[in-house]
Student: 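Okay, here's the structure, questions in a sec.
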Amino acid sequence: MEGPPMMRVRFAPSPTGYLHIGSARTFIFNWLFARKHHGTMILRIDDTDVDRNTDASLQSIYDGLNWLGLGWDEHYRQSERLDLHKRLAYAIFEKDLAYRDFTPAHASPDDPVEAGADTPKQSWQFNPGMRELSREESDRRAAAGEPFVLRYRVPRGVGRTIRFADGVYGPQAKEADDIEDFALLRSSGLPTYHMASCADDADLGITNIIRGQDHLSNTFKHVLIFEALGSGPAPEFAHLPLLIAPDGAKLSKRKHGPVVSVTTYRDAGFLPHAYINFLCLLGWSPKNDREQMTRQELIDAFTLSGVNRSNAVITFTDADPIDPKALWLNSQTLRTVTTAELAPLVRQTLAAAGLAAQEPPERLEQTIEILRSRFATLLDFAGRGRCCFADDYPVAPEAEEKLNVPQARELLRELGARLEADPDFTEASVEKQLRGLATERGVKAGVLINGSRAALTGQTAGPSAFAVYIAVGRERAIQRLKKV
RNA sequence: GGCGCUAUCGUCUAACGGUUAGGACGGAGCCCUCUCAAGGCUUAAAUACGGGUUCGAUUCCCGUUAGCGCUACCA
């Protein structure tokens with residue numbers, strides 16, 4: 001088979017928290033890249049940290065991904081591939097590119113108890129005495145059951161420079177002397193992230209690694225591992241700028257709460273595509289001022305060279321967790337997607353509020369058509385739109401005022417009677433009846449127009465008063481006018 | 001501390017040495033109008049700082065500052 005090799009990319013979340021915004025964007029960029037190049041999108045669950053993995057976060061990752069609705073082509077779990085990781089780690093050991101380190105584990109430097117505030121951290125390279133251990137000595141201690149971690153033997157004192165070309169950040173270089181002897185296998189025998197990740201990337205034939213910039217410095221280690229594996233050329237790397245909070249810090253559940261979860265946007269009534277569109281505009285630009293784009297347009301426009309190098313702030317506050325631009329994009333999308341696409345989502349939203357279970361599809365679509373031009377989220381259909389699907393809706397004080405205008409109630413009741421006798425009940429016919437009545441009685445049409453909206457919806461703001469009649473429906477409209 | 005990365009309006013971004021530094025969100029104002037949105041128009045708002053290189057720097061180089069990341073038997 002000739003031609004360029006099939007592109008294979010992966011999204012590799014670890015189930016140690018819910019799917020957060022930055023991860024979602026990484027997934028999307030990988031997906032876009034795969035689709036653009038007719039490649040394969042792989043979902044790989046990086047669950048090698050048995051202490052921190054939870055089923056709940058695994059579930060929330062699937063929930064978030066399923067909501068986005070982009071899908072994937074292949075699926076793996078690292079916990080099912082541990083034999084491969086170990087085998088490849090020992091292959092590196094056999095090449096003498098790794099060694100056993102019998103030094104007992106020490107606490108994490110993040111541990112506030114251990115990390116003395118006044119003792120600046122030294123750059124650590126390796127534990128004394130372990131690199132030089134003879135193979136015989138090493139084997140003997142291992143056979144005796146002494147615990148050890150397997151560490152990569154980073155080349156030292158030979159002036160070696162590790163290099164790779166990043167698809168976003170350009171040529172990267174780092175002195176091997178600045179890289180510590182990182183672990184491949186823990187004393188439990190389980191692989192570390194670095195080992196498992198590279199082993200799988202090599203085994204799964206990943207051609208392009210697109211991930212967060214927090215891995216940029218790790219990549220030098222990965223280059224070393226791929227080199228030691230000796231299984232062909234390393235994948236190409238591309239790192240994405242991070243999404244950060246308004247305070248400039250990396251998004252974290254602990255510090256910023258649930259606003260960093262994609263489910264916040266789902267639950268706020270976002271359309272999946274609008275959210276995808278929003279995320280795409282963070283750290284990437286099509287360079288032509290386009291913002292609202294369809295899925296296909298995003299695929300066509302996506303390039304690594306369009307990716308930025310500086311972190312992007314996502315706006316949220318305690319009072320309002322939603323980025324204003326995301327909200328704008330959602331309202332735009334709400335107005336432009338086809339009704340056929342929108343209807344199922346609206347029906348779902350209404351169902352969740354116990355509404356419109358019996359609503360015929362044609363009527364639902366007609367109502368959506370009228371309402372959507374001034375809504376921002378799906379939730380609005382069950383909120384401000386409730387009066388179109390139920391009779392128990394709140395009536396605003398300002399709406400009462402509109403009805404308290406002299407003659408308003410009496411005229412509305414009369415209008416109700418006339419509409420009842422009108423077989424048409426279209427926007428045009430309602431307008432004709434309403435204006436006719438107003439002229440007849442010598443009042444301004446506005447009294448009936450604003451009164452209608454108030455009587456029919458309990459609100460003073462909303463669609464054209466005539467359209468409101470259609471949205472509310474003949475039966476409900478006449479009933480509401482009668483008892484006004 | 002060491003190493004790496006980054007730096008354009010409040011925010012997201014455009015300008016691959018020459019522009020009145022452009023667009024979008026949000027803000028302000030006007031128009032439209034049966035209300036509210038939408039839409040149209042207008043407006044305020046940015047090249048972190050200091051040195052170079054160059055006829056000319058947002059753009060290239062160096063330094064400073066700031067931010068972020070890595071520096072775990074986390075990922």
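Naming: A, B, ... by sequence-line order, numbering from 1 per chain.
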Student: Name the nucleic acid region contacted by A:S14, choosing base, sugar-phosphate or nothing; use a 4.0 angstrom heavy-atom cut-off, strictly under.
Tutor: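 Counting heavy atoms under 4.0 Å across all strands, the contact made by A:S14 is with sugar-phosphate only.
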
Student: Could you state the CH2-C1' distance from A:W328 to B:G39, rounded to the nearest angstrom?
Tutor: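 The distance from CH2 of A:W328 to C1' of B:G39 comes to 13 Å, rounded to the nearest Å.
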
Student: Ignoring hydrogens and angles, does a donor from either the side chain of A:R453 or the base of B:C34 sit under 3.5 Å from an acceptor on the other?
Tutor: yes

Student: Examine the base of B:C36 for any acceptor or donor lying under 3.5 Å from a partner atom in the side chain of A:R374, and report the outcome as yes or no.
Tutor: yes

Student: Determine the Euclidean distance between corresponding C1' atoms of B:C25 and B:A44; express it in Å to zero decimal places.
Tutor: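 Going atom to atom, C1' in each nucleotide, I get 15 Å.
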
Student: For nucleotides B:A15 and B:C3, find the distance between their P atoms and express it as a whole number of Å.
Tutor: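 Taking atom P in both B:A15 and B:C3, they lie 32 Å apart.
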
Student: Expressed as a whole number of angstroms, how long is the span from A:L334:CG to B:A38:P?
Tutor: 13 Å

Student: If you look at every heavy atom in A:A445 and A:R435, which pair is closest and at what distance?
Tutor: CB-NH1, 3.7 Å

Student: If we ignore angles and hydrogens, is there a donor and acceptor under 3.5 Å between the side chains of A:T48 and A:Y193?
Tutor: no

Student: Using whole Å, what does the distance between atom P of nucleotide B:U13 and atom CZ of A:R309 come to?
Tutor: 12 Å

Student: Looking only at the side chain of A:R52 (C-beta and beyond, no hydrogens), which of the listed nucleotides B:A24, B:C5, B:A75 gets closest?
Tutor: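 Of the candidates, B:A75 comes closest.
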
Student: Starting at CZ of A:R151 and ending at C1' of B:U71, how long is that distance when rounded to a whole Å?
Tutor: 13 Å

Student: Considering every strand and a 4.0 Å limit on heavy-atom distances, what is the contact class for A:P286: base, sugar-phosphate, or nothing?
Tutor: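 Counting heavy atoms under 4.0 Å across all strands, no contact is made by A:P286.
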
Student: Contact class for A:A312 (heavy atom, under 4.0 Å): base, sugar-phosphate, or nothing?
Tutor: sugar-phosphate

Student: Within this structure, what is the CG-to-C1' distance between A:N311 and B:U13, rounded to whole angstrom?
Tutor: 15 Å

Student: For B:U43 and B:G22, measure between their P atoms and round to the nearest Å.
Tutor: 11 Å

Student: Which base, if any, makes a Watson-Crick or G-U wobble pair with B:G1, both distances under 3.5 Å?
Tutor: B:U71

Student: Just call it for A:G283: base, sugar-phosphate, or nothing, with non-hydrogen atoms closer than 4.0 Å on any strand.
Tutor: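 The answer is sugar-phosphate, as A:G283 gets under 4.0 Å only of primed atoms, P, OP1 or OP2.
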
Student: Does a donor on one side chain sit under 3.5 Å from an acceptor on the other, for A:T377 and A:N330?
Tutor: no

Student: Can you tell me if A:Y169 uses its side chain to pair, donor with acceptor, with the backbone of A:H239 under 3.5 Å?
Tutor: no

Student: What is the distance, rounded to the nearest whole Å, between atom CG of A:L251 and atom P of B:G69?
Tutor: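 Distance check: A:L251 CG to B:G69 P gives 10 Å.
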
Student: Assess, by modelled atom type and distance only, whether the side chains of A:Q125 and A:D181 contain a donor and an acceptor separated by less than 3.5 Å.
Tutor: no

Student: From C-beta outward on A:L242, which listed nucleotide comes closest to its side chain: B:C68, B:U35, B:C34?
Tutor: B:C68

Student: Of all the choices, B:G23, B:G26, B:G4, which nucleotide is nearest to the side chain of A:D289 once you look at every atom?
Tutor: B:G23

Student: Flag this pair as yes if the NZ/CZ of A:R44 is under 6.0 angstrom from the six-membered ring centre of A:Y76 and inside a 45 degree cone about the axis; otherwise no.
Tutor: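 Negative - A:R44 is either too far from the ring of A:Y76 or too far off its axis.
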
Student: For A:S310, report the nucleic acid contact type (base, sugar-phosphate, nothing); a contact means any heavy atom under 4.0 Å.
Tutor: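 Answer is sugar-phosphate: A:S310 comes under 4.0 Å of backbone atoms only.
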
Student: Quiz question: going by heavy-atom distance under 3.5 Å, is there a donor-acceptor pair between the base of B:C73 and the side chain of A:S187?
Tutor: yes

Student: Nearest of B:C12, B:A75, B:C36 to any side-chain atom of A:A461?
Tutor: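 Taking heavy atoms from C-beta onward, the closest nucleotide is B:C36.
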
Student: Looking only at N and O atoms, is any donor in the side chain of A:T192 or the base of B:C73 less than 3.5 Å from an acceptor on the other one?
Tutor: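 There is none.
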
Student: Does any nucleotide pair with B:U58 by Watson-Crick or G-U wobble geometry, both distances under 3.5 Å, and what is it?
Tutor: none

Student: NA contact type, A:Q172, heavy-atom cut-off 4.0 Å: base, sugar-phosphate, or nothing?
Tutor: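 Sugar-phosphate contact only.
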
